[in-house]
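One structure is given below, encoded as structure tokens.
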Amino acid sequence: MKKLVFATNNKHKLEELRAILGSTLTLLSLEDIHCDVDIPETADTLEGNAILKAKYIKEQYGLDCFADDTGLEIEALNNAPGVFSARYAGSDKDAAANMNKVLDKLGNTTNRTAQFRTVIALMIGEETKLFEGIVKGQITTQKEGESGFGYDPIFQPEGYTKTFAQLGAATKNSISHRAKAVHQLCKFLTHLNV
């Protein structure tokens, strides 16, 4: 079975990806390849950060890999936090503080339109491919639900009356931005007979 490195130390993302991919391939984490470097995400776009992370693993370890970057883009905040989503309230990546900052900034704003966007950069052989997944929705006025991670308790996807954190992993993994990008990645890998 093909092995592919997912350039992340985020255990939540890794669990989510393993659930989405199933048994189609063996997914290795940075920990699995003994990479304990916090790969800098210094680009000013999601695409740029995903490429930086994948390129680092490919160059340092010579392994086929993919990396993702995800941002929450809120219309009323000029698409912030965007590329700064994980560190919106500070460098310690505190999810509760990030959500509180979003809710504070939006206040009583009626336009709560938002989208989650994931970009995956795949480096396989000599090729680099990008895949994008978007899920549109709304920012709620308060946190709802216990499952998921990041901004899940304040993001209500279009067509649903509950937040990602209330919908549970199975539903979220079938409709999320990451699931959509991973689906494109899987189609590409299947086409390559990986």
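Note that the structure is a prediction, hence the values are computed from the model and not measured.
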Could you walk me through whether K162 and E144 pass the salt bridge (charged side-chain N to carboxylate O under 4.0 Å, His left out) test, one step at a time? CA-CA 8 Å; K162 295 180 176 179; E144 300 281 353; over 6 Å; no
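- R87 and D92 are not joined by a salt bridge, as no carboxylate oxygen comes within less than 4.0 angstrom of a charged side-chain nitrogen.
- Closest non-hydrogen pair, F164 versus S147, comes out as O-OG, 4.0 Å.
- A donor-acceptor pair under 3.5 Å links the side-chain atoms of K53 to the main chain of D68, judged by distance alone.
- Salt bridge status for R117 with E47: present, with a side-chain N to carboxylate O gap under 4.0 Å.
- For the pair L189 and L4, the minimum side-chain heavy-atom distance is below 4.5 Å.
- The shortest distance between side-chain heavy atoms of I139 and I154 falls below 4.5 Å.
- In this structure, K13 forms no cation-pi arrangement with F66, as its terminal cationic atom is not both closer than 6.0 Å to the ring centre and no more than 45° off the ring axis.
- Formation of a donor-acceptor pair under 3.5 Å by the Q166 side chain with backbone atoms of T163 is found in this model.
- Pairing each heavy atom of A181 with each of E132, the nearest pair is CB-C, 4.0 Å.
- Two residues are said to be in side-chain contact when any heavy atoms from C-beta on lie closer than 4.5 Å; N98 and P81 fail this criterion.
- Under a hydrophobic-cluster definition in which Ile, Leu, Val, Met, Phe, Trp and Tyr are linked whenever side-chain heavy atoms come within less than 4.5 Å, directly or via other members, F149 and M99 are assigned to different clusters.
- Taking CG of N79 as the reference point, atom CG of L72 lies at 9.5 Å (rounded to 0.5 Å).
- Taking CZ of R112 as the start and CZ of F155 as the end, the distance is 13.0 Å to the nearest 0.5 Å.
- Side-chain contact between Y56 and L30: absent, with no pair of heavy atoms (C-beta onward) separated by less than 4.5 Å.
- When atom types are taken as modelled, the side chain of K129 and the backbone of L122 share no donor-acceptor pair closer than 3.5 angstrom.
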What do the steps show when you test E73 against Q115 for side-chain hydrogen bond (donor to acceptor under 3.5 Å, both in side chains), and what is the final call? CA-CA 5 Å; E73 299 170 339; Q115 67 179 22; 2.7 Å; yes
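- Using a distance-only test at 3.5 Å, with no hydrogens or angles considered, no donor-acceptor pair links the side chain of N173 to the main chain of A179.
- Under the 4.5 Å side-chain contact rule for hydrophobic residues, Y151 and L46 do not share a cluster.
- Taking the side chain as every heavy atom from C-beta outward, I33 and C65 never approach each other to under 4.5 Å.
- Looking only at atom types and distance, the side chain of T113 has a donor-acceptor partner in the side chain of N111 under 3.5 Å away.
- A pairwise comparison of heavy atoms in D64 and G125 identifies OD1-N, 3.0 Å as the closest pair.
- Residues T109 and L77 fail the side-chain proximity criterion, which asks for heavy atoms closer than 4.5 Å.
- We find the CG-CG distance between N49 and D44 to be 8.5 Å, quoted to the nearest 0.5 Å.
- For the pair T140 and P153, the tightest heavy-atom approach, listed with the atom from each and the gap, is OG1-O, 3.8 Å.
- Using bins of under 30°, 30° to 60° and over 60° for the plane-to-plane angle, the ring pair F116/H177 lands in the parallel bin.
- A 6.0 Å sphere centred on CD of Q60 holds more than 12 heavy atoms belonging to other residues, nucleotides or ligands.
- Minimum interatomic distance between Q142 and L103 (heavy atoms only, all atoms of both residues): CA-CD1, 4.2 Å.
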